[in-house]
Number of protein chains: 2
Amino acid sequence: MRWDEIDSQVCSVARTLSMVGDRWTMLILRDCFLGVTRFTDFQKSLGITKHRLSDRLTKLVDSEILKKQVYDTNYGRYEYKLTKKGLEFYPVMMSLVAWGDKWATDEDGAPLEYIHKPCGNKMQVATQCNHCDEPVTAFTITPILGPGILEKAKRGELVDFDNQDIYKSIKQ
Amino acid sequence: MRWDEIDSQVCSVARTLSMVGDRWTMLILRDCFLGVTRFTDFQKSLGITKHRLSDRLTKLVDSEILKKQVYDTNYGRYEYKLTKKGLEFYPVMMSLVAWGDKWATDEDGAPLEYIHKPCGNKMQVATQCNHCDEPVTAFTITPILGPGILEKAKRGELVDFDNQDIYKSIKQ
DNA sequence: AATTAAGGTTCCATTATGGAACCATGAAAG
DNA sequence: CTTTCATGGTTCCATAATGGAACCTTAATT
């Protein structure tokens with residue numbers, strides 16, 4: 001399977017990664033969440049080549065994760081800003097940060113820290129169950145088939161439905 | 001900058017993505033969290049070529065995100081299992097799922113649903129402040145320089161420290 | 001008139017990836 | 001006891017993605 005075919009998979013991770021899962025795109029989004037909006041600033045910050053950046057920004061705009069706006073009409077200059085869809089990617093970004101701060105820093109510690117304005121504390125994100133507020137872990141969750149698969153199976157659209165039996169609940 | 005140099009950046013997202021940020025690796029981890037452990041099952045599930053899978057699994061083992069264990073000594077067969085470091089990547093994965101379920105599904109809905117065993121509910125993950133339990137959004141957080149940058153700046157190790165002024169607090 | 005800045009595009013060499021074929025080990029089938 | 005099958009790979013080659021440098025366009029500044 002070629003990478004440009006993975007969005008055909010019935011999987012939210014696969015479909016999400018088809019938009020943001022290549023080299024550079026998530027780093028561009030990181031910069032967006034740090035307030036970077038302009039082509040040149042992305043380039044300085046990332047050290048990405050211009051045509052690659054141009055290509056990635058265009059794709060993010062096509063995916064409606066970023067929007068391109070003129071910010072100086074006389075001058076014809078643009079800024080790239082997060083849409084609602086893009087802004088809601090923030091939990092993914094902060095989860096990456098939390099993991100990286102723990103598992104991918106040197107002895108100096110976290111490069112950035114985050115103040116949660118409403119409570120004023122230095123914050124780390126906690127990923128919790130929206131019902132009981134307990135932290136989620138891989139061992140406390142059972143995945144079950146959802147409508148996105150079951151409805152298609154009913155209509156006979158899932159060629160590889162047999163593959164589903166590869167997936168088992170994960171065990172300690 | 002080439003991709004294999006991004007782990008030199010003082011940024012938790014960049015360093016994390018240097019391990020898992022290429023095509024395929026996060027999809028392999030998704031499968032790990034769904035209980036897939038064997039070479040052939042990864043291949044069936046993902047449709048990835050064997051040498052690419054082999055390369056990715058080796059890199060994940062080198063990063064200590066997966067461990068390779070013999071599960072049948074007579075037969076000489078292996079399974080790839082998440083380490084503690086790997087298991088703690090779960091919040092990233094579930095945040096991706098949550099985003100994808102909202103922004104990257106068709107009209108049928110979510111492909112998989114998740115039962116939170118302790119409370120028995122169908123769950124979605126909520127990403128919250130670990131102090132006040134409020135949901136975090138990009139607009140309620142102010143990033144500040146942390147020790148990972150400040151200590152290096154003190155020691156004069158940050159060549160591109162000027163670039164920091166590209167980053168502003170994000171505004172609505 | 002020349003230089004600078006923003007925001008790109010074009011060209012080409014290098015690197016990564018996909019597809020197919022092949023290989024080694026041990027088990028099972030005939 | 002020879003063939004076939006399953007697992008878990010590696011090798012080879014053509015195609016696709018990426019990096020680096022040069023160039024382009026518009027408008028402002030020196």
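All of these numbers come straight from a predicted model, not from anything done at the bench. Chain identifiers are assigned alphabetically (A, B, ...) following the order of the sequence lines, protein sequences preceding nucleic acid strands; residue numbering begins at 1 within each chain. For the numbers below, each heavy atom of this structure counts, side chains included, while hydrogens, waters and symmetry mates do not.
Side-chain proximity of B:Ser54 to C:dG19, C:dG7, D:dG9: nearest is D:dG9. Between C:dG8, C:dA6, D:dG9, one nucleotide has an atom nearer to the side chain of A:Arg38 than all others, and that is C:dA6.
One can place CG of B:Leu53 at 15 Å from C1' of C:dG19, the figure rounded to the nearest angstrom. The interatomic distance linking A:Lys59 (NZ) with D:dT18 (P) rounds to 7 Å, in whole Å. A:Glu79 has its CD atom 13 Å from the P atom of C:dG8, to the nearest Å. Straight-line distance from the CG atom of B:Asp55 to the C1' atom of C:dG18: 13 Å, rounded to whole Å. Look at NZ on B:Lys50: it is 14 Å from P on D:dT11, rounded to the nearest Å. If you measure from atom CD1 of A:Ile48 to atom C1' of D:dA21, you get 16 Å, rounded to the nearest angstrom. Between the CZ atom of A:Phe42 and the C1' atom of C:dG8 there is a distance of 15 Å, rounded to whole Å. A:Met1 has its CE atom 9 Å from the P atom of C:dG19, to the nearest Å.
With salt bridges taken as basic N to acidic carboxylate O contacts below 4.0 Å, none links A:Lys59 and A:Asp22. Salt bridge status for B:Lys44 with B:Asp31: absent, with no side-chain N to carboxylate O gap under 4.0 Å.
Judged as a ring pair (Phe, Tyr, Trp, His ring centres under 6.0 Å), and not counting sequence neighbours, the contacts of B:Phe89 are A:Trp99.
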Please write out each protein N/O paired with an N/O of nucleotides 11-16 of chain C under 3.5 Å, distance rounded to 0.1 Å.
none

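Both A:Trp3 and A:Leu57 lie close to DNA chain C; mapped to their nearest nucleotides by heavy-atom distance, the more 5′-ward contact belongs to A:Leu57.
Contact annotation: A:Thr49 side-chain N/O to D:dT18 OP1/OP2 distance is not under 4.0 Å. Taking 4.0 angstrom as the limit, A:Lys44 places none of its side-chain polar atoms (N or O) nearer than this to OP1 or OP2 of C:dA6. Applying the 4.0 Å criterion to OP1 and OP2 of D:dA6, one finds that B:Tyr78 has every side-chain N and O outside that range.
A:Cys32 pairs in a side-chain contact (heavy atoms from CB on, under 4.5 Å) with only one of the listed residues (A:Leu87, A:Leu66, A:Thr37), which is A:Leu66.
Here CD of B:Glu88 is found 5.0 Å from CH2 of A:Trp103. Values are rounded to the nearest 0.5 Å.
Between B:Phe33 and B:Tyr90, the ring centre distance stays below 6.0 Å.
Ring geometry, A:Phe42 versus A:Tyr80: the interplanar angle exceeds 60°, so the pair is classed perpendicular (tilted spans 30 to 60°).
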